[in-house]
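Have a look at the structure below before the remarks.
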Number of protein chains: 2
Amino acid sequence: MAKTKATIYNVAMRANVSLATVSRTLNNPEKVKKETRDKVLKVIEDLGYKPNAFARGLASRKSTSVAVMVPDMTRSSIAEMVNGIAIEARKYNYSLIIYVLKDEYHEESEMLKEVVASQADGILYMNDEINEQQYQMLNRIKDDYDVPIVLANTLYPFENKLTTVSIDYHKAGYGITKELIEEGRKNIYMLTTARKYMVNDLKESGYLKAINEAGLEPHIFRTSGDISVNTIHFDELFHDVGKKIDGVIAVRDSIAVSFINSMIAKGRKIPKDISVFGFQNTKYASLSRPKLSCIDIPITEIGVRAMALLKEEIDNGTSKTKYIELPYSIIHRDSTKK
Amino acid sequence: MAKTKATIYNVAMRANVSLATVSRTLNNPEKVKKETRDKVLKVIEDLGYKPNAFARGLASRKSTSVAVMVPDMTRSSIAEMVNGIAIEARKYNYSLIIYVLKDEYHEESEMLKEVVASQADGILYMNDEINEQQYQMLNRIKDDYDVPIVLANTLYPFENKLTTVSIDYHKAGYGITKELIEEGRKNIYMLTTARKYMVNDLKESGYLKAINEAGLEPHIFRTSGDISVNTIHFDELFHDVGKKIDGVIAVRDSIAVSFINSMIAKGRKIPKDISVFGFQNTKYASLSRPKLSCIDIPITEIGVRAMALLKEEIDNGTSKTKYIELPYSIIHRDSTKK
DNA sequence: CTGAAAGCGCTTACAG
DNA sequence: CTGAAAGCGCTTACAG
């Protein structure tokens, strides 16, 4: 039964070469004579030999693995980024170790120590709620242990010490708000999360800028991402000012769709009475009736680029680029007039 | 800057004990006198020492990591299972190495070799498309390398050599079909994927059983998970027999919602004209108008239980249970009459 | 309860 | 281009 795994020693024996030569044909093939190399490769193939990742990691001080730290796998944006990361990591034969962040700061800091102990070659960190404390902790880890860190879709606008791949959420928020203004909307509401997310703050600041420029009154409405909860909030909102609202920017597609459902239940027409924009371009947007107009965020691409940048930092100790801003686009469907 | 990580040697020095004692206070604290232990623990704390995972893995032949093999991170059921796995893994301080499966059989087999080389203590495999070839390969890996494997939400009904955690999809398909029959529906369609998924085949067989028992005519309609594609299919379907369909079982919520949107566009009423059931109870179900009735699958729980079972097999070499069937429930919302 | 020592399976200067 | 040997940082019998 339990076949004992072939070791480098077995390969060396069978191929009549030293351990060093086997190691070289795997890691620096150009340093081995073609003839020898082929002989060794053949034995490796025959034995189904794969180097033990621990021994290799211990000896070389490289792990060919990166730590992927995420707040919550179940959010589709996170899952899609991880997918992008996986696509790119595969090219380099890197493995991905997933760490699901806990709310508690202390736990996160423990987790980071684990990451360091795991000898990850680099860290991919995604957390759209990132706060001062967390940002500084990452900074410290990076400096203390000299491990490259790349933030993916994670913006901390007050400092820029950490390499980042994202989109300009402020500009995106500004852009769609302007579109609504140009449509002639006067009472444009921003539907955002009660909980503070950095990324949502940026969308909000873009919204506010456009609203102020147009001399309109800003309306920030904070609600929950939980549909059963925000439905109640939207009913209350409608009760208070429902007839006046004529435009909406929601920080997530799912919140936009939930809002649409609530308003249609009250007899309002979308987009005739209210134009609605979402953010992300998830499947929710295409399954909504009417289909949702929204900002399309190249989320998989963010993952791909973040991994590529991390790889660059791992290999060179640094990277030319410290900030990659990816373009977004505005998808016009049926919940807005344009 | 770059703080050199403390090693077990540094700890031993500072605490005036041997390496073995440091190792023991971490791994077998009961074998160390309390006094000594406390002294060592203090130094560990002071130095921020974390054992190097590679050295530990190499020496102990245990990795405290498991390989998580998934077909595609972006499917919400997969992401939620991984979340469940992460929750449970955290209890044991296990890390998770993610492998995103490729379509190509050869690549999957290479990946499995990598998994073995990575010294993972066990493998969590989820793939609702699993075929004979893949199943046998897993079997071989398990036998050859003596590594525990647990299938999560992955059914291969023709054999049961591999430990599995899932729900009874056949029964679920049967149950909701019966409900539609009891509602008085006569032309019940099953909307399933063109591509063969094991799990969908089981839903289908349950559907067929109920239909046959009732002496009705079965209608299996194969389409795509892609909304823009299935919308076209549904339009064609409506053109052919649209007026007759009075009940629908879809293998995924998103397919059900897309179908509802298509039918409403043609002027049909849900659930008055057509009752619709989905599968999974995703957010799509709550964001649909009308809200979707569906089978609720305890997907996070499947992840949790699969990880727990794997841990049991890792620790004991085997587990008492070879198959855990979790209960599902039927959620009645507004797309069916009950 | 504690320590000395071998060994896990690799990589990498160093020598030749 | 190739090999002998040290060393990576742990764990684990074995002795005491």
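Chain identifiers are assigned alphabetically (A, B, ...) following the order of the sequence lines, protein sequences preceding nucleic acid strands; residue numbering begins at 1 within each chain. Predicted model, so just to flag it, every value in this text is computed and none were measured. Note: hydrogens, waters and symmetry copies are ignored here, and every other heavy atom, side chains too, is used.
- For the pair A:V66 and A:M307, the minimum side-chain heavy-atom distance is below 4.5 Å.
- Contact of the A:S60 side chain with the B:F54 side chain is not registered, since no non-hydrogen atoms from C-beta on lie closer than 4.5 Å.
- With a 4.5 Å cut-off on side-chain heavy atoms, B:N160 and B:Y323 do not count as touching.
- Side-chain N/O atoms of B:T21 include one lying less than 4.0 angstrom from OP1 or OP2 on C:dG3.
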Stepwise, does the side chain to side chain contact (heavy atoms under 4.5 Å, CB included) test hold for B:M69 with B:M126? CA-CA 6 Å; B:M69 309 188 72; B:M126 45 208 93; over 6 Å; no

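- Here B:K42 does not pair with B:D38 in a salt bridge; the nearest charged N to carboxylate O distance is not below 4.0 Å.
- Counting heavy atoms from C-beta on, the side chains of B:V70 and B:V82 come closer than 4.5 Å.
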In 5'-to-3' order, the base (B), backbone-only (S) or no-contact (-) status of each nucleotide in nucleotides 6-15 of chain C, using a 4.0 angstrom heavy-atom cut-off, is -BBBBBBB--

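- Taking the side chain as every heavy atom from C-beta outward, A:K322 and A:E313 approach each other to under 4.5 Å.
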In dot-bracket notation, what is the pairing pattern of DNA chain C, taking Watson-Crick (N1-N3 plus N6-O4 or O6-N4) and G-U wobble (N1-O2 and O6-N3) contacts under 3.5 Å, with [ ] crossing and | for other strands? |||.||||||||.|||

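- For the pair A:L138/A:K142, no side-chain contact is recorded, criterion being any heavy-atom separation below 4.5 Å from C-beta on.
- When heavy atoms are screened at a 4.0 angstrom cut-off, A:K31 is found touching base atoms of the nucleic acid.
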